[in-house]
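This report concerns only the one structure given below.
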Amino acid sequence: MSDGSLYTVTELAKQLGMTPRAIRFYEDKGLITPQRAGTTRVFSARDRARMILILRGKRLGFSLSAIKEYLDLYDTDVTQHAQLKLLAAGVARRRAQLLAQRQAIDEALAELDDIAAQTEAALQSPAPRARRAAG
DNA sequence: TTTCTCACA
DNA sequence: TGTGAGAA
């Protein structure tokens, strides 16, 4: 079912475009648990697939702990029902978050456009005289 | 080379 | 959420 491909940290890091340091960091956080040959890490094809899922989760803006929570269910949950529920909930939350950000960005852009228009208009009109000191 | 730990942003 | 440095 699974090939017997094995990788070192550096190999896997290179393949996935990340640093070995980051992989060890994820292991430290419990997201991956590679085998050991003595003290050196040995990554299986399964670890590799898992790492790819981690990267995807990151790319979509999920926290490492959220990703871990989801991945942990993969091993325990036979039917994957709980896993799917968690994923659906996470996706909905993240989606709402991104929509809110888009809204905020749109508002900021609109406001900046207003300022740009105002400054542009001010630059077109004659320069104001220096203000006299009151008195 | 790889690992671990501590400091740092 | 990572990186860099130092020691083993």
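Letters A, B, ... mirror the listed sequences (proteins, then strands); counts begin at 1.
Put simply, OH on A:Tyr26 and CE on A:Met18 are 4.5 Å apart, with the number rounded to the nearest 0.5 Å. Rounded to the nearest 0.5 Å, atoms CG (A:Asp113) and CD (A:Glu120) are 12.5 Å apart.
The environment of A:Gln80 atom CD is dense: over 12 non-hydrogen atoms of other residues, nucleotides or ligands sit within 6.0 angstrom.
Residue A:Thr39 has no polar side-chain atom (N or O) positioned under 4.0 Å from OP1 or OP2 of B:dC4. Phosphate proximity of C:dG2 to A:Lys58: present, with a side-chain N or O under 4.0 Å from OP1 or OP2. Contact between the side-chain N/O atoms of A:Thr10 and the OP1/OP2 oxygens of B:dT2 is found at a separation under 4.0 Å.
Going from atom OH of A:Tyr26 over to atom C1' of B:dT3 covers 19 Å, rounded to whole Å. At whole-Å resolution of the value, CD in A:Glu11 and P in B:dT1 are 13 Å apart. A:Glu27 places its CD atom 15 Å from the C1' atom of C:dG2, with the value rounded to the nearest Å. Atom CG in A:Leu55 sits about 9 Å away from atom P in C:dG2, given to the nearest Å. To the nearest angstrom, P of C:dT1 lies 12 Å from CE of A:Met51. In this structure, CG of A:Asp28 is placed 12 Å from C1' of C:dT1, rounded to the nearest angstrom. Taking atom CG on A:Leu12 and atom P on B:dT3, their separation rounds to 12 Å, with Å as the unit. Look at CD1 on A:Ile23: it is 15 Å from C1' on C:dT3, rounded to the nearest Å.
Backbone-only engagement by A:Arg41 is indicated by non-hydrogen atom pairs under 4.0 Å involving sugar-phosphate atoms exclusively.
Put simply, the side chain of A:Glu111 does not reach to within 4.5 Å of the side chain of A:Glu107, judged on heavy atoms.
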